Number of protein chains: 2
Amino acid sequence: MTAKITNLREQFKTTTRQELTRVGLELFLQQGFATTTIDQIVEPLGISKRTFFRYFATKEDLVVEWQTEMTPAFVDELNSRPREEAPFKAVSETLLSLASRINTNPQLAFELMRLFKETPSLAGRDMERRMVWEQALTATLIEREGPKVMPRLKARITVGMAMTAWTAALDEWYLGGGKANLRPIMEKAFSLVTDQQ
Amino acid sequence: MTAKITNLREQFKTTTRQELTRVGLELFLQQGFATTTIDQIVEPLGISKRTFFRYFATKEDLVVEWQTEMTPAFVDELNSRPREEAPFKAVSETLLSLASRINTNPQLAFELMRLFKETPSLAGRDMERRMVWEQALTATLIEREGPKVMPRLKARITVGMAMTAWTAALDEWYLGGGKANLRPIMEKAFSLVTDQQ
DNA sequence: ACACATTTTGTCACTTAGTGACGTATTGAC
DNA sequence: GTCAATACGTCACTAAGTGACAAAATGTGT
């Protein structure tokens with residue numbers, strides 16, 4: 001009964017990947033992003049620099065990749081929303097579900113935000129990720145409502161508005177030191193969008 | 001009568017700066033951003049690589065800098081809007097004034113957009129620039145309306161919504177090959193924001 | 001258990017962006 | 001014409017990222 005024990009190889013790969021992110025994030029938060037070299041990340045794990053770049057295309061990817069990888073989760077969340085819900089509401093609720101993940105570890109989320117805001121190249125990647133999410137949600141929304149009720153431009157704007165509120169709320173939370181409860185701020189932000197005349 | 005003839009130095013500096021952007025843009029549009037090296041830009045002008053980095057902090061800045069530099073113009077535009085105009089309308093009109101600049105040379109604008117979309121690092125900087133504009137306009141809007149009618153979060157969302165429409169319209173224009181008239185698309189986009197329930 | 005193909009990794013060499021130090025040339029002010 | 005300030009070139013260096021190739025580890029067949 002030689003059961004297909006999951007690949008040793010794949011297992012090792014995922015663990016080294018995790019180790020790399022762990023050590024990397026630790027160093028970045030400690031000494032800053034730019035001042036940390038790949039060699040410093042790689043050395044305590046006994047891995048070569050070349051191998052690092054086989055796991056992550058760039059130094060930034062070490063921090064950003066997991067965000068992009070959670071895109072499908074959003075799409076699923078939006079797809080599972082009740083069909084009678086208004087478009088903007090559905091997208092807002094989808095984004096709100098992410099906010100609760102942040103509430104799981106607000107300390108870390110705050111530190112990460114600081115890192116992103118202090119590091120231009122990371123800020124850029126963060127914006128890029130926002131665009132990825134926007135595009136994915138836009139496509140999903142069009143699919144959900146049909147292109148007649150929801151043509152591309154309209155869908156993009158609906159999603160964009162929700163995302164704007166989301167970003168603004170996060171910034172507001174950050175400016176308050178990350179101590180406040182994120183959810184009410186975000187709900188306030190969403191209501192400000194719908195109240196616009 | 002040793003009149004203060006404008007600094008020879010400053011004059012030379014601005015011309016070399018212009019030359020660098022000219023040659024750089026030419027090469028970027030021809031061969032792509034990543035495949036063009038600083039040496040290639042610098043060689044036909046007889047300038048050293050080191051000097052290039054005295055003019056531009058990064059390779060990306062060669063393309064992006066002028067956009068950031070036009071931020072004050074936006075602020076002025078928003079400030080000069082009639083005081084009785086509704087906040088969102090004022091911001092929208094401000095952004096529309098930029099659209100007309102694009103209409104001056106749509107061909108070039110389209111090529112540049114393509115370059116930005118094809119080059120990840122440039123896309124990142126472009127998003128960063130968007131944030132700079134947003135922040136500047138947000139501050140101006142708060143100043144204009146007073147922090148009581150227009151607290152930070154509300155101002156940020158008002159500006160963000162206008163910016164979302166602006167970006168979506170530009171993308172729509174780009175997806176159409178840059179052949180359509182930008183202004184009506186943009187007006188449509190702004191109206192879609194205000195029509196949201 | 002053995003042989004063989006596949007995949008992963010390390011080493012080496014290389015390109016390119018970007019920086020610091022220092023000397024030289026150019027310009028502005030007197 | 002002298003002198004200080006500023007801009008530039010040269011050189012040397014760090015660090016990100018890539019290509020090529022060989023060595024090591026793993027998976028798959030028998």
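Chain letters run A, B, ... following the sequence lines, proteins first, then strands; residues in each count from 1. Here the structure is a predicted model, which is why all the values come from computation and not from measurement.
Recorded end-axis angle for the helix from C:dA1-D:dT30 to C:dC30-D:dG1 stands at 20°, based on five pairs per end and rounded to 10 degrees.
Contact annotation: B:T51 side-chain N/O to D:dC8 OP1/OP2 distance is not under 4.0 Å. Note on A:Y55: a side-chain N or O is less than 4.0 Å away from OP1 or OP2 of C:dT9.
By the criterion of side-chain heavy atoms lying less than 4.5 angstrom apart, applied directly or through intervening Ile, Leu, Val, Met, Phe, Trp or Tyr residues, A:M131 is not grouped with A:M163; the two fall into different hydrophobic clusters.
A salt bridge between A:K117 and A:D171 is present, with a side-chain N of the basic residue lying under 4.0 Å from a carboxylate O of the acidic one.
In the displayed structure, B:Q135 atom CD is contacted under 6.0 Å by at most 12 heavy atoms of other residues, nucleotides or ligands.
For A:T51 (side chain) and A:I47 (main-chain N/O), no donor-acceptor pair under 3.5 Å exists by modelled atom type. Formation of a donor-acceptor pair under 3.5 Å by the B:R17 side chain with backbone atoms of B:Y55 is found in this model.
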*Go along nucleotides 14-24 of chain D 5' to 3' and tag each nucleotide: B for a protein heavy atom under 4.0 Å from its base, S when only backbone or sugar atoms are that close, - otherwise.*
-SBBBBB----
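Distance CD/B:Q67 to CG/B:D126: 5.5 Å, rounded to 0.5 Å.
B:F12 places its CZ atom 13 Å from the P atom of D:dA7, with the value rounded to the nearest Å. B:K13 places its NZ atom 16 Å from the P atom of D:dA5, with the value rounded to the nearest Å.
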